[in-house]
Novice: 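Pasting in a structure now, in structure tokens, and then I'll have a few things to ask.
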Amino acid sequence: MSTKSGLTQRLAIVAGFEDPTVSLEQYRTPPELAAHLVHTADLQGDIEDRTVVDLGCGTGMLALGAALRGPTRVVGLDIDPDPLDTALENERKVASTTNVEWVRGDATDAPLRHAEQTTVVMNPPFGAQSGNEHADRAFLATAAAVADVSYSIHNAGSREFVESFAGDNGGEVTHAFGAEFELPRQFDHHDADTQVIDAEVFRIDW
Ligand code: SAH
């Protein structure tokens, strides 16, 4: 297993959204946070020899992080074809040994079925700014349907919601950690140059 900082370095090359769509909440997860999530998952035995599905993969940050850590298969799913083109270019740059299958589709109505040994990783739209509170709920529902374990990034203050959603759907939150990340100035509603988001990451055993 490479180190977490080694993984961060390899992910630093992953390009973000060229022309982000506000309503889809498109922003790239910072390499440090992606590496932390994937490294933690790997230490838990949730990456190696497993299928990893990235719901709302964007330009591929989480999928590519997983691909650098010995999974049997990686699928990246996004509703928007534009970032998937960038994801393919990112895959070439990262040069992982495991190929990623990039699929265009709706993560809330996923063309996936439950399979054994499947880990979902995701940084879904939060819905907080668009007034579409808990847009992440439908992504969690898909994780519950297709995976036995998931790692998901949510906005701060989501713990109660995530724990109760997991409990209602046969899951349990086993790990939680906080993370801060900077959003580049790319959306109109951000008035500062950068905005720091307080996020929370949860591991759910489904
Ligand atoms: N996972 C990437 C991108 C996060 S941004 C990263 O960590 O860098 C959220 C992503 O979810 C965007 O790429 C957006 O296009 C995608 N998305 C939003 N709604 C979606 C839906 N219903 N189905 C699939 N993808 C969706």
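One-based numbering, in listed order, for ligands and for the atoms of each.
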Novice: Counting only heavy atoms, which portion of Tyr27 has something under 4.0 Å from ligand 1: side chain, backbone, both, or neither?
Specialist: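 Answer for Tyr27: backbone.
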
Novice: Considering distance alone, does some N or O of Leu24 sit under 3.5 Å from an N or O of ligand 1?
Specialist: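 By distance alone, the answer is no.
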
Novice: Per the side-chain hydrogen bond (donor to acceptor under 3.5 Å, both in side chains) rule, what does the pair list look like for residues 78-88, sequence neighbours excluded?
Specialist: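 Residue pairs passing side-chain hydrogen bond (donor to acceptor under 3.5 Å, both in side chains), neighbours aside: Gln26-Asp80.
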
Novice: Assess, by modelled atom type and distance only, whether the side chains of His154 and Arg159 contain a donor and an acceptor separated by less than 3.5 Å.
Specialist: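 No donor-acceptor contact under 3.5 Å links the two side chains.
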
Novice: For the backbone of Glu180 and the side chain of Asp198, can you confirm whether one donor and one acceptor N or O come within less than 3.5 Å of each other?
Specialist: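 Absent.
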
Novice: Quick one: do Ile13 and Leu11 end up in the same hydrophobic cluster if we chain Ile, Leu, Val, Met, Phe, Trp and Tyr together by side-chain heavy atoms under 4.5 Å apart?
Specialist: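 They do share one cluster, since a chain of ILVMFWY contacts under 4.5 Å joins Ile13 to Leu11.
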
Novice: Would you tell me whether Glu91 and Trp102 have side-chain atoms, one donor and one acceptor, within less than 3.5 Å of each other?
Specialist: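 Judged by distance alone, the side chains do pair up.
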
Novice: For ligand 1, which atoms have a heavy atom of Met61 less than 4.0 angstrom away?
Specialist: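 By the 4.0 Å cutoff, the relevant atoms are 8 (O).
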
Novice: Just going by heavy-atom distances, which of Thr86, Leu55, Asp109, Asp78 is nearest to atom 16 (C) of ligand 1?
Specialist: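 Ranked by closest heavy atom to atom 16 (C) of ligand 1, first place is Asp78.
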
Novice: Look only at the side chain of Arg28 and the backbone of Val14, and say whether a donor-acceptor pair between them is shorter than 3.5 Å.
Specialist: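 Yes: the side chain of Arg28 pairs with the backbone of Val14.
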
Novice: Any N or O of Gln26 that comes nearer than 3.5 Å to an N or O of ligand 1?
Specialist: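 Among all N and O atoms of Gln26, at least one is under 3.5 Å from an N or O of ligand 1.
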
Novice: Checking a contact table here: which protein heavy atom is nearest atom 23 (N) of ligand 1, and how many Å away?
Specialist: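 Protein heavy atom with the smallest distance to atom 23 (N) of ligand 1: Ala107 N, 2.8 Å.
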
Novice: Taking N or O atoms only and a 3.5 Å limit, does Thr29 qualify as a polar contact for ligand 1?
Specialist: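 Thr29 vs ligand 1: N/O contact under 3.5 Å present.
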
Novice: Which of the atoms in ligand 1, numbered in the order shown and given with their element, are less than 4.0 Å from a heavy-atom of Phe139?
Specialist: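 This gives 19 (N), 20 (C), 21 (C), 26 (C) as the contact atoms.
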
Novice: Please verify whether a non-hydrogen atom of Gly105 lies at under 4.0 Å from ligand 1.
Specialist: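 A heavy atom of Gly105 does come that close to ligand 1.
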
Novice: For ligand 1, indicate whether the residue Glu25 contacts it via side chain, backbone, both or neither (heavy-atom separation under 4.0 Å).
Specialist: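 Under 4.0 Å from ligand 1, Glu25 contributes backbone atoms alone.
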
Novice: Answer yes if the side chains of Ser96 and Arg69 hold a donor-acceptor pair under 3.5 Å, and no otherwise.
Specialist: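 Side-chain D/A pair, Ser96 to Arg69: absent.
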
Novice: Could you tell me the residue and atom name of the protein heavy atom closest to atom 2 (C) of ligand 1, and the distance to it rounded to 0.1 Å?
Specialist: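 Result: Cys57 O, 3.2 Å.
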
Novice: Of the listed options (Gly56, Ala138, Pro125), which comes nearest to atom 18 (C) of ligand 1 when hydrogens are ignored and any heavy atom counts?
Specialist: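 Considering heavy atoms of Gly56, Ala138, Pro125, the nearest to atom 18 (C) of ligand 1 sits in Pro125.
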
Novice: Yes or no: does Pro83 have any heavy atom under 4.0 Å from an atom of ligand 1?
Specialist: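 The answer is no, since Pro83 has no heavy atom less than 4.0 Å from ligand 1.
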
Novice: Do Ile197 and Leu33 belong to the same hydrophobic cluster, where Ile, Leu, Val, Met, Phe, Trp and Tyr are linked whenever their side-chain heavy atoms lie under 4.5 Å apart, directly or via other members?
Specialist: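 Yes; Leu33 is reachable from Ile197 via cluster members.
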
Novice: Does Thr142 use its side chain to pair, donor to acceptor, with the backbone of Ala107 at less than 3.5 Å?
Specialist: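 Yes.
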
Novice: Which of the atoms of ligand 1 are close to Asp106, meaning less than 4.0 Å from one of its heavy atoms?
Specialist: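 Every atom of ligand 1 under 4.0 Å from some heavy atom of Asp106: 21 (C), 22 (N), 23 (N).
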
Novice: Which residue and non-hydrogen atom of the protein lie closest to atom 25 (N) of ligand 1, and at what distance in Å?
Specialist: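 Scanning the protein heavy atoms, the shortest distance from atom 25 (N) of ligand 1 goes to Ile79 N, 3.3 Å.
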
Novice: Could you tell me whether Pro124 and ligand 1 have an N or O pair separated by under 3.5 Å?
Specialist: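 No, since none of the N or O atoms of Pro124 sits under 3.5 Å from an N or O of ligand 1.
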
Novice: Between the side chains of Asp49 and Thr72, is a donor N or O closer than 3.5 angstrom to an acceptor N or O?
Specialist: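 The criterion, which ignores hydrogens and geometry beyond distance, is not satisfied for Thr72 and Asp49.
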
